[in-house]
There are 2 protein chains.
Amino acid sequence: MTSGKAPREGRKRHVSMGDVARRAGVSAQTVSRVSNGYQGVIPQTRELVLKAMDELGYRPNSAARALKLGSFHTIGVITFSLEAVGNHRTIQAISVAAAKAGYAVTLIPVDLPTQSGVEHAFGRLEELAVDAVAVIVEVHLLDRAKVVLPPGVPTVVVDSDAGDAYTVVDTDQADGARQATRHLLELGHTTIRHLAGPESSYAAQRRVDGWRETLIEAGLEVKDIVRGDWSAASGYEAGRTLVADTQCTAVFCANDQMALGLYRAAAEAGRRIPEDLSVVGFDDSADTPAYSPPLTTIHQDFAEVGRRSVAAILEQLRTGEQKPGTSIVPTRFIHRASTAPVRVSS
Amino acid sequence: MTSGKAPREGRKRHVSMGDVARRAGVSAQTVSRVSNGYQGVIPQTRELVLKAMDELGYRPNSAARALKLGSFHTIGVITFSLEAVGNHRTIQAISVAAAKAGYAVTLIPVDLPTQSGVEHAFGRLEELAVDAVAVIVEVHLLDRAKVVLPPGVPTVVVDSDAGDAYTVVDTDQADGARQATRHLLELGHTTIRHLAGPESSYAAQRRVDGWRETLIEAGLEVKDIVRGDWSAASGYEAGRTLVADTQCTAVFCANDQMALGLYRAAAEAGRRIPEDLSVVGFDDSADTPAYSPPLTTIHQDFAEVGRRSVAAILEQLRTGEQKPGTSIVPTRFIHRASTAPVRVSS
DNA sequence: CTTTAGGATGTTTACGTAAACATCGCCTCG
DNA sequence: CGAGGCGATGTTTACGTAAACATCCTAAAG
């Protein structure tokens, strides 16, 4: 009875331009023109098409569009965790900057921070619909021999040491550490210890370097570092060692969360901050102004890192060529209330 | 001299199955079979194809694949900010659970937490390559009349009130608030105040409700709430009001960060925690065990929320139908050291 | 030795879109 | 009044893949 080509009842079929075109009595190409906002369509025709689109519930098929145009307008972000303080701030900035440029952001989680985990994530990359990649993992986790970024895919490596092969956007970790240490020196401290991040972290290593260099320049003793894993809990554990060192009057912490742990260790040991112990953090995370006392720290401009990363990617996408080199985002010293001049002891 | 069809030097053309097929001396379909791990290809042929793939640097084109298969294997996550404590944890969990199921996650940032910002994000959704959507914005920001999720796209609304229209995964905020308040009651506190989150937040509202109900049930006075904006700084500001209330011996904070601010306010006012003031937080964020003293709080299982969200999406994808309903993830009380029995005053 | 089944591989086609090119009609200008 | 030009629209084609179908060959069975 009915037409041989009755609309199937089953799984909702995609409404295509052809369907809209038929309904509107125009060609598919005209539908395409309306869909893409091309100007050379007279209002009357446009109305017709829009009406048909609306009635049929037309939505452009991005797969087809991507196939035709050769671009997804999507940037992949390879990352281990969103939990580390910096990561989600960087990713937030990346996704906002990307959106502003009309790009979406796809997360590619690395399930384990191991060689194989990273390899797996890079493997998935092959099958993912991205035009470019931002890598936010500790790149030294990558065995260069095994993990190769797909050639021809514009890539930016964030906050890590990627050698000369890639475009890198990095925060000036070492300088931040130097600023922090210098500040403590200026306050007259002579025993300035460091609560470091994990050995596996490149950023942690650079912060250790900056601290150490500054002390050596000043001709001061470089005491052993104590390591945490970035967590506040580890900062507390490490902090117990530090507060037990009565010579030590100042601690530079590799991040704010560990500084928070140190606060607790100091409180338990009866050492007041900043009167008995000066503390400088790193990151300038959102909570620090409300620490008790508010934490003197080093501000990291994650937003700028995100912006530059996207800018670098867009540049590569535009010119079509990798441009190895490192873009350094400066850090800024933020003075709050957790540091004070050393008290003349004895 | 050379063949008329020399490989263009210009923009790197995509290596297609056809290219590989020609090189390997097989058909494109066989390349497809090898690419997809189909078993009925004899090892010798497979080797040939793999070798050709390798030599040419073949990478499957996901746009074409998506067009053919009608699926991107991608879930879109609409969110305002990654900064709010819960968000990035939920998104992390979603992306991991999604990856486990072979799905990628695309972030769709809402640039402003306003009606128009949300509308814009939903607009972008139309052109994005996603099979399903998880919405992690305060849904009441949406004007139902204006913002309509594209029909036929499986959708899950996370931690928000979406009425009966969508599948919802929600944390049991009210129950968490009740547990927190009950704990304080059991310790003998009779003036228990609430440091609430912003009025615009659904979660904040539910926590207020849970706190209020419990106090009313106990026949206690319900004092005015003081509001913050989730930030530690706002917790400090609001906290100054609360610590000034000498009758008040216990505060239930709508999140951990504001509790941290309250800690500072208490310290400045010379009120010790927990001796003079008991504090309960909400979220069980990573830092809380290292607060000084460690914060008693309500654990939110963000990972479970993420897992259930993905599960619900996969279910919708599988069956092809929306299944409205709410899945409630329980909260858990975590006893640490910031609460103590009320001291007999006077 | 012929037949047949089934495994391995090749050929055709469609997915939905947009660029490139083709057509048509109307307006302007000489 | 005719040529030319241009604006609006239609037609053809290709993007890269995988399902469906077609073919070929080998080996086992009769």
Side-chain angles (χ1 to χ4, degrees), chain A residues 5 8 10-50 52-53 56-73 126-131 150 152, chain B residues 5 8 10-50 52-53 56-73 126-129 131 152:
Chain A
K5 217 183 172 189
R8 285 313 213 99
R11 292 285 163 270
K12 52 218 162 229
R13 276 250 305 104
H14 195 97
V15 178
S16 77
M17 288 191 160
D19 301 329
V20 176
R22 218 165 303 124
R23 175 91 168 212
V26 300
S27 75
Q29 185 58 35
T30 297
V31 176
S32 170
R33 288 193 258 255
V34 171
S35 177
N36 293 333
Y38 175 74
Q39 286 307 311
V41 180
I42 64 175
Q44 187 186 348
T45 309
R46 179 186 307 279
E47 277 314 311
L48 227 54
V49 172
L50 289 176
M53 280 181 172
L56 264 41
Y58 170 77
R59 297 199 306 130
N61 179 316
S62 14
R65 187 173 251 160
L67 174 59
K68 194 78 180 79
L69 301 177
S71 156
F72 292 93
H73 273 89
E126 302 266 321
E127 68 201 35
L128 279 176
V130 298
D131 302 327
Chain B
K5 216 183 172 188
R8 284 316 212 100
R11 291 286 163 269
K12 55 224 163 219
R13 276 253 303 104
H14 196 96
V15 178
S16 78
M17 289 194 160
D19 302 328
V20 176
R22 220 165 301 125
R23 176 94 166 207
V26 300
S27 75
Q29 185 58 39
T30 296
V31 177
S32 171
R33 288 194 259 257
V34 171
S35 177
N36 293 335
Y38 174 73
Q39 287 308 309
V41 180
I42 64 175
Q44 187 186 348
T45 309
R46 178 186 307 279
E47 277 313 311
L48 227 54
V49 172
L50 290 175
M53 280 180 171
L56 265 40
Y58 170 78
R59 299 197 306 128
N61 179 316
S62 14
R65 188 172 251 160
L67 174 58
K68 194 77 181 77
L69 302 177
S71 156
F72 290 93
H73 273 90
E126 302 266 322
E127 68 202 37
L128 280 177
D131 302 326

Peer 1: Can you tell me how far CG of Leu67(A) sits from NZ of Lys68(B), rounded to the nearest 0.5 angstrom?
Peer 2: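 So the gap between those two atoms works out to 12.0 Å.
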Peer 1: If only side-chain N and O atoms of Arg33(A) are considered, is one of them under 4.0 Å from the OP1 or OP2 phosphate oxygen of dA8(D)?
Peer 2: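 Checking Arg33(A) against dA8(D): no side-chain N or O falls below 4.0 Å of OP1 or OP2.
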Peer 1: Met17(A) has an atom CE; how far is it from atom P of dC15(D), in whole Å?
Peer 2: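 Computing the Met17(A):CE to dC15(D):P distance gives 19 Å.
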Peer 1: Quick one: closest heavy-atom pair of Val15(B) and Leu56(B), and the distance?
Peer 2: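 Distance-wise, the nearest heavy atoms are CG2-O, 3.3 Å.
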Peer 1: From CG of Leu69(A) over to P of dA14(D), roughly how many Å is that when rounded to an integer?
Peer 2: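 That distance rounds to 17 Å.
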Peer 1: Would you say a side-chain N or O of Tyr58(B) is under 4.0 Å from OP1 or OP2 of dT17(D)?
Peer 2: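 Result: yes.
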Peer 1: What is the distance, to the nearest angstrom, from the CZ atom on Phe72(A) to the P atom on dG16(D)?
Peer 2: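 Roughly 12 Å, once rounded to whole Å.
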Peer 1: Starting at CG of Asp19(A) and ending at P of dG16(C), how long is that distance when rounded to a whole Å?
Peer 2: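 These atoms are roughly 8 Å apart.
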Peer 1: State whether Ser16(A) places a side-chain N or O below 4.0 Å from either non-bridging phosphate oxygen (OP1 or OP2) of dG16(C).
Peer 2: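 Looking at the OP1 and OP2 atoms of dG16(C), neither is under 4.0 Å from any side-chain N or O of Ser16(A).
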Peer 1: Please classify the nucleic acid contact of Thr45(A) as base, sugar-phosphate, or nothing, using heavy-atom distances under 4.0 Å.
Peer 2: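 Sugar-phosphate, no base atom in range.
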Peer 1: Using a heavy-atom cut-off of under 4.0 Å over every strand shown, decide if Leu67(A) touches base, sugar-phosphate, or nothing.
Peer 2: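 Result for Leu67(A) = base.
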Peer 1: Between Arg22(B) (CZ) and dG10(C) (P), how many Å, whole number?
Peer 2: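 Taking CZ of Arg22(B) and P of dG10(C), I get 14 Å after rounding.
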Peer 1: Can you give me the closest heavy-atom contact between Phe72(A) and Val130(A), atom names plus distance?
Peer 2: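 So the two residues come closest at CD1-N, 4.0 Å.
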Peer 1: Ala28(A) and Met17(A): which non-hydrogen atoms are nearest, and at how many Å?
Peer 2: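 Looking at all heavy atoms of both residues, the shortest contact is O-SD, 4.1 Å.
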Peer 1: What's Thr30(B) touching, base or sugar-phosphate or nothing? Going by heavy atoms closer than 4.0 Å.
Peer 2: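 Sugar-phosphate, no base atom in range.
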Peer 1: Any side-chain N or O of Asn61(B) under 4.0 Å from OP1/OP2 of dC15(D)?
Peer 2: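 Negative; the distance criterion is not met.
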Peer 1: From Ser16(A) OG over to Arg59(A) CZ, what is the distance, rounded to the nearest 0.5 angstrom?
Peer 2: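 Answer rounded to 0.5 Å: 13.5 Å.
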Peer 1: Return the value, rounded to whole Å, for the distance between atom CZ of Arg59(A) and atom C1' of dT17(C).
Peer 2: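 From Arg59(A) CZ to dT17(C) C1': 15 Å.
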Peer 1: Nearest to the Asn36(B) side chain among dT9(C), dA18(D), dT9(D), which nucleotide is it?
Peer 2: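 In terms of side-chain proximity for Asn36(B), the closest of dT9(C), dA18(D), dT9(D) is dA18(D).
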Peer 1: Between Lys68(B) and Ala28(A), who's closer to the 5' end of DNA chain C by nearest nucleotide?
Peer 2: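 Nearer the 5' end of the strand: Lys68(B).
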Peer 1: To the nearest Å, how far apart are Gln29(A) CD and dG16(C) P?
Peer 2: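 The answer, rounded to whole Å, is 16 Å.
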Peer 1: Nearest whole angstrom, please: distance from the P of dA8(C) to the OH of Tyr38(B).
Peer 2: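 Value for this atom pair: 7 Å.
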